[in-house]
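Convention: sequence-line order gives letters A, B, ...; per-chain numbering from 1. Worth saying up front: this structure is predicted, and the values here are computed from it rather than measured.
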Amino acid sequence: MLDIQFIRDNAALVQTKAEQKGYKNVRVAELLELDTERRTRLTQIEELRARRNTLTAEMKGQKPTPEQAEQGRQLKEEIAARETELKAIEEKYTAQMMTIPNVTFDDVPIGGEEDSVEIKVVGDKPAGAIDHLDYAVQRDWVDFERGAKVAGTKFYYLKGDLALLENAITQYALQLVLSKGFTYLTVPHMVNSRIATGAGFAPRGDKEGNEYFVEDEDLTLIGTAEAPLTGFHADEILDEADLPKLYVGYSPCYRREAGTYGKHTRGLFRVHQFNKLEMYAFTLPEASREMHERILAIEEEIWQAIGVPYHIITIASGDLGAPAAKKYDIEYWSKVDGAYRELTSCSNCTDFQARNLNIRVRRKDGRIEVLHTLNGTAVSLARSLVVVLEHFQNEDGTLTVPEVLRPYMGGRDKI
RNA sequence: GGAGAGGUGGCCGAGUGGUUGAAGGCGCACGACUCGAAAUCGUGUGUAGGGUCAAACCUAUCGAGGGUUCGAAUCCCUCCCUCUCCGCCA
């Protein structure tokens, strides 16, 4: 959530930015009324408490007189009654606070998906390739039919060399990211509701949500390692000297993907479960913008090294999630579709997630403030296989192993 | 799953009804000493909200929520978590 003080000082801005993100239910004015109401009542309660504290201090160490005891009892009742009223107001206040998305940076394009801005193009736009699914099936590298039998539609098995190739991509990307100073973490594949919502994921019962939930437990299956990585330092105060904290987490990602149909969901492009290496950074507030560029650069380095044409877009406001202040996507050039398709993504969430989960930094001068968090895809595996299958397929049905991956494929140059 | 122990400040750790927001230590900040540093000594140092030009000051906070009491870190109940032993198990 946002800092209430910031909202008070920038009410119009917060309202506008929320609307630009497409959040129609945000009512900043209403929130501020609740805020005022809440503070007024809180002050009243605090006065009553002060009176109670004075009273008990007077009778400390001695038996209270009947009058004092009676006065104390009355105060207790009045405080309890007022607290009940306050609680109801605070619930409404908190609910409103949760509806307000992070404020976007001013260099974020305004508009919907089609308004995202291309900021860089690398490589050309070759055409003509066999669809990745057909190609993989013909080699018996993927089995969606058995995936459906065992779990359901959009579940799959990877077989043989393609499964090994997934592992090679993971290993290559991991080594590269580690060389940039990141620490490898394996993570819980489920998180509790506080961490899930704090990181910006939909709560149980949200029909729009993309999450799977565990029955009878306060657990959400993660849709990305971003959730447990965000929660890693929850409720901690980190030392300025220790920042930035850079982590790379590996996990399966579980997504319901309800209601997503059509061509772009064919095969491995959009599935219920895939593996992903995710970069995550905890930074000083003034350092997050630079870190965002750094994470993007690492993503570029990976795909340049593998050898795939792509472009980078800055995501427009209406296509941003609540926590993000700015997001870049790398989209690879699809030889099959003749269009760019989403491959990786990196977001600067500024202090939004960190405030939710109480992640702070103690500055050198002793001040404590909420820090900034960022996340970025190192590699998303199922989708990476789509890319390699499209770009490295050969006429004889074999697949050339991208050079940088060969050390992780037993030195083979072709599979 | 069963039995027991426990959850206190950035960290460790005292504290079983009222001078305890919390001893002591570590860490950190500042100062002294030093050419400089280490060591040593001194002073300060929880977090959040309100208040103030700034202070003073007020409120909350000892895992979470409820209860008892004039008054709760301290007593009672529920839940969560951690540790030890047993059971089970990759």
Practice prompt. Please measure how far the C1' atom in B:rA5 lies from the corresponding atom in B:rA23, and state the result in whole Å.
Written response: 24 Å
Worksheet item: Between residues 185-200 of chain A and RNA chain B, which residues have a heavy-atom gap below 4.0 Å?
Response: none
Extract from the structure each pairing of a protein N or O with an N or O of nucleotides 6-12 of chain B at less than 3.5 Å, listing the distance.
| from | atom 1 | to | atom 2 | distance (Å) |
| --- | --- | --- | --- | --- |
| B:rG10 | O4' | A:R362 | NH2 | 3.1 |

Worksheet item: With the sugar-phosphate defined as primed atoms, P, OP1 and OP2, and the base as all remaining atoms, what B/S/- string results for nucleotides 57-71 of chain B, 5' to 3', for protein heavy atoms under 4.0 Å?
Response: -SBS-----S--BBS
Discussion item. If the condition is salt bridge (charged side-chain N to carboxylate O under 4.0 Å, His left out), which residues does A:R82 pass it with, not counting sequence neighbours?
Written reply: A:E78
Worksheet item: More 5' along RNA chain B: A:A57 or A:Q5, using each one's nearest nucleotide?
Response: A:A57
Worksheet item: Charged N to carboxylate O under 4.0 angstrom, A:E369 versus A:R362?
Response: no
Discussion item. Please give the distance between the P atoms of B:rU84 and B:rC41 as a whole number of Å.
Written reply: 37 Å
Discussion item. Suppose we screen for salt bridge (charged side-chain N to carboxylate O under 4.0 Å, His left out). Which residues come up paired with A:K92, at least two apart in sequence or across chains?
Written reply: none
Worksheet item: Expressed as a whole number of Å, how far does the P atom of B:rC53 sit from that of B:rU68?
Response: 42 Å
Worksheet, complete the sentence: As its Watson-Crick or G-U partner within any shown strand, both distances under 3.5 Å, B:rA48 has B:rU59
Worksheet item: What is the ring orientation for A:Y332 with A:F269, classed by angle as parallel under 30°, tilted 30 to 60°, or perpendicular over 60°?
Response: tilted
Worksheet entry | Counterpart residues, ring-ring contact (aromatic ring centres under 6.0 Å, His included), relative to A:Y328 (two or more places apart) | A:H292
Discussion item. Need one value for A:I368: base, sugar-phosphate or nothing, where a base atom within 4.0 Å counts as base even if backbone is also close, heavy atoms only.
Written reply: sugar-phosphate
Practice prompt. Write down the partner of B:rC88 under the Watson-Crick or G-U wobble criteria, each distance required to be under 3.5 Å.
Written response: none
Item to complete: Can you tell me, in whole Å, how much space there is between the P of B:rA22 and that of B:rC30?
Response: 25 Å
Practice prompt. Grab the CG-C1' distance between A:N358 and B:rU47 for me, whole Å please.
Written response: 9 Å
Item to complete: Return the nucleotide paired to B:rG71: Watson-Crick means purine N1 to pyrimidine N3 with N6-O4 or O6-N4, wobble means G-U with N1-O2 and O6-N3, both under 3.5 Å.
Response: none
Worksheet entry | Pairing nucleotide - B:rC83, Watson-Crick or G-U, each distance under 3.5 Å | B:rG4
Discussion item. Taking side chain to side chain donor-acceptor pair (under 3.5 Å) as the cut-off, I'd like each qualifying pair that reaches into residues 177-195 of chain A, sequence neighbours left out, listed once.
Written reply: A:K180-A:E301, A:S193-A:D218, A:R194-A:D235
Fill in: Any pair counted as salt bridge (charged side-chain N to carboxylate O under 4.0 Å, His left out), so long as it reaches residues 4-16 of chain A, sequence neighbours left out
A:R8-A:D35
Under 3.5 Å, sequence neighbours excluded: what are the donor-acceptor pairs made by side chains of residues 16-28 of chain A?
| from | atom 1 | to | atom 2 | distance (Å) |
| --- | --- | --- | --- | --- |
| A:T16 | OG1 | A:A12 | O | 2.8 |
| A:K17 | NZ | A:T104 | O | 3.1 |
| A:K17 | NZ | A:T104 | OG1 | 3.4 |
| A:K17 | NZ | A:D106 | OD1 | 3.0 |
| A:E19 | OE2 | A:Q15 | NE2 | 2.9 |
| A:K21 | NZ | A:N102 | O | 3.1 |
| A:K21 | NZ | A:G321 | O | 2.8 |
| A:K21 | NZ | A:A322 | O | 3.0 |
| A:K21 | NZ | A:A324 | O | 2.7 |
| A:Y23 | OH | A:A322 | N | 3.2 |
| A:R27 | NH1 | A:K24 | O | 3.1 |

Worksheet entry | Between B:rG21 and B:rU45 - C1' atom distance, rounded Å | 13 Å
Worksheet item: Considering Watson-Crick and G-U wobble pairs with both distances under 3.5 Å, what does B:rU19 pair with?
Response: none
Item to complete: Using the C1' atoms only, state how far B:rA39 lies from B:rA32, rounded to an integer number of Å.
Response: 14 Å
Discussion item. Could you work out, with ring-ring contact (aromatic ring centres under 6.0 Å, His included) as the rule, every residue matching A:Y156, not counting sequence neighbours?
Written reply: A:F144
Discussion item. Please give the distance between the C1' atoms of B:rU61 and B:rA54 as a whole number of Å.
Written reply: 26 Å
What donor-acceptor contacts under 3.5 angstrom involve side-chain atoms of residues 407-415 of chain A, with partners at least two apart or in another chain?
| from | atom 1 | to | atom 2 | distance (Å) |
| --- | --- | --- | --- | --- |
| A:R412 | NH1 | A:D161 | OD2 | 3.3 |
| A:R412 | NH2 | A:D161 | OD1 | 2.8 |

Item to complete: Would you kindly say whether A:E211 and A:T220 are connected by a side-chain donor-acceptor distance under 3.5 Å?
Response: no
Worksheet item: What's the CD-C1' distance between A:E217 and B:rC79, to the nearest Å?
Response: 14 Å
Worksheet item: For A:D239 and B:rU45, what is the distance between atoms CG and C1' respectively, to the nearest whole Å?
Response: 14 Å
Worksheet item: Which nucleotide, in any strand shown, forms a Watson-Crick or G-U wobble pair with B:rC41, with both distances under 3.5 Å?
Response: B:rG31
Response to the item:
Under a 3.5 Å limit on both distances, the Watson-Crick or wobble mate of B:rA14 is none
Side-chain donor-acceptor pairs under 3.5 Å in residues 238-247 of chain A, sequence neighbours left out?
| from | atom 1 | to | atom 2 | distance (Å) |
| --- | --- | --- | --- | --- |
| A:E240 | OE1 | A:R363 | NE | 3.2 |
| A:E240 | OE1 | A:K364 | N | 2.8 |
| A:Y247 | OH | A:H233 | NE2 | 2.7 |

Discussion item. Whether A:R41 and A:E85 form a salt bridge (side-chain N of Lys/Arg under 4.0 Å from carboxylate O of Asp/Glu) is what I want to check.
Written reply: yes
Item to complete: Please measure how far the C1' atom in B:rG87 lies from the corresponding atom in B:rC80, and state the result in whole Å.
Response: 23 Å
Worksheet entry | Under 3.5 Å on both distances, the Watson-Crick or G-U partner of B:rU78 | B:rA64
